[in-house]
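Here is the structure we will look at, set down as structure tokens.
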Amino acid sequence: MKNLVQEIEKLKKERRAVILAHVYQPPEIQAIADYTGDSFGLSQQAAATNAEVIVFCGVHFMAETAAILSPEKTILLPALDAGCLMFDDMIEQALKKKIQEKPDAVVVSYVNTPAAVKAMSDICCTSANAVAVVESIARDKEIIFVPDRNLASYVQEQTNANIFSWPSCCPTHARLSKEELQAMKEKHPQALVLMHPECEPEVRGLADFIGSTTNIVKEAKRSPNHEFIIATEQGVLYQLEKACPEKSFYLASDKMVCSNMKKTTLEKVKSSLIQLEPRIIVPEETRLRAVGSLKKMLAICG
Ligand code: SF4
């Protein structure tokens, strides 16, 4: 593995590339990244970097975001089959229909939606800034919030906004049940529960803290507590253990693993740097319509 990492480092310099990795990626991928973060942090980084090539270690829609913001750069997705189970292929058509039904509504879409959905949106959001984005919209407006119903209900609780939520959710977070979390709390009675807002509402009721992955790491660092139950995707444990080696972290459920996020391997990263493939290209017409919704988000929360 050491040789492989050295080869990647060498190729990265030759290609004038940066590696961006989502915090749900496997530990060995996060370890070689120039920047790790949640989807919001990665979208900021993709927009700001001067590198000619971005190796995006995440899922397809995240790499599309980088391609939308930086069309002049080469965006590589080492694991081209890394999708997201939150969407089906019909989302674009279904959203079009919903917009026709509610022509005055403001469409807020999660940053990890297909480019075609971003192109139909007024503004994007991430789990880190969804509350701020919704608060930036006039109170009398109805909001179509796409696609995570759990994030939508969390934002609704925080803002009282008039939200129509899409009936999808992130299966990785929805897998955590109230019973399983209760059992973990009994097993670790001193631990605080740090949770992602994409968990089901009845499960959120058991959390001590709710926030994006970045804010979960910040809270673990800030808190004087020494034990934590982590209710988000397993990859975050790498960041938590690096940031707080003296503290103990327990994954709320061993089912909280996103198979798509684990498709990136060091071999695939190396191969993408050699071949400059697989490349993510968003058709220009879609990109031009999608970039506005991303830029609006970055202007409010960037
Ligand atoms: S963690 Fe959830 S939202 Fe993220 S890629 Fe996996 S299924 Fe999709």
Side-chain angles (χ1 to χ4, degrees), residues 20-27 29-30 33 36-43 46 56-67 75 77-92 95 108-118 121 124-130 145-155 165-177 194-201 203-204 210-217 230-240 251-265 268 280 297:
L20 306 187
H22 193 271
V23 292
Y24 295 165
Q25 289 285 293
I29 301 297
Q30 294 192 50
T36 53
D38 56 20
S39 42
F40 180 50
L42 294 180
S43 56
F56 209 106
C57 301
V59 296
H60 194 274
F61 305 115
M62 295 180 175
E64 268 192 344
T65 301
I75 312 295
L77 180 67
L80 190 57
D81 60 341
C84 170
L85 296 173
M86 187 145 61
F87 320 105
D88 61 39
D89 294 341
M90 301 308 289
I91 188 167
E92 191 186 334
L95 180 59
V108 177
S109 68
Y110 193 43
V111 77
N112 293 343
T113 47
V117 170
K118 289 191 187 84
S121 304
C124 284
C125 74
T126 70
S127 53
N129 63 26
F145 194 100
V146 189
D148 191 294
R149 63 176 154 77
N150 291 330
L151 183 57
S153 72
Y154 174 73
V155 172
S165 69
W166 208 254
S168 307
C169 66
C170 163
T172 308
H173 290 92
R175 271 182 221 123
L176 177 64
S177 69
L194 310 185
M195 185 176 290
H196 195 279
E198 286 171 14
C199 291
E200 295 283 350
V203 177
R204 289 202 305 263
I210 297 176
S212 66
T213 49
T214 301
N215 287 333
I216 285 176
V217 176
I230 302 302
T232 186
E233 210 276 346
Q234 174 225 34
V236 174
L237 294 181
Y238 173 82
Q239 294 293 329
L240 288 163
L251 192 63
S253 163
D254 57 12
K255 295 190 214 105
M256 298 187 86
V257 178
C258 174
S259 55
N260 279 302
M261 282 286 183
K262 308 306 182 201
K263 287 182 176 168
T264 318
T265 62
K268 286 181 189 171
I280 300 299
M297 172 187 80

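What you see is a predicted model; the values in this text were computed from it and never measured. Read the numbers this way: they start at 1 and go in the same order the structure lists the ligands and their atoms.
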### Message
Side chains of Gln239 and Ile216, heavy atoms from C-beta outward: is any pair under 4.5 Å?
### Response
no

### Message
Is there a side-chain contact between Glu233 and Met256 in this structure, where contact means two heavy atoms from C-beta onward sitting under 4.5 Å apart?
### Response
no

### Task
Just jot down the ligand 1 atoms closer than 4.0 angstrom to any heavy atom of Tyr24, in number order.
1 (S)

### Sequence-distant partners of Ser127, side-chain hydrogen bond (donor to acceptor under 3.5 Å, both in side chains), two or more places apart
His196

### Message
Check this for me: does any side-chain nitrogen of one of Glu200 and Arg149 sit under 4.0 Å from a carboxylate oxygen of the other?
### Response
yes

### Residue pair Ser121 / Val117: nearest heavy atoms and the distance that separates them
OG-O, 2.7 Å

#### Entry: Over all atoms of both residues, closest heavy-atom pair of Val257 and Lys262
CG1-CE, 3.8 Å

### Task
List nothing but the number: protein N/O/S atoms under 2.8 Å from atom 8 (Fe) of ligand 1.
1

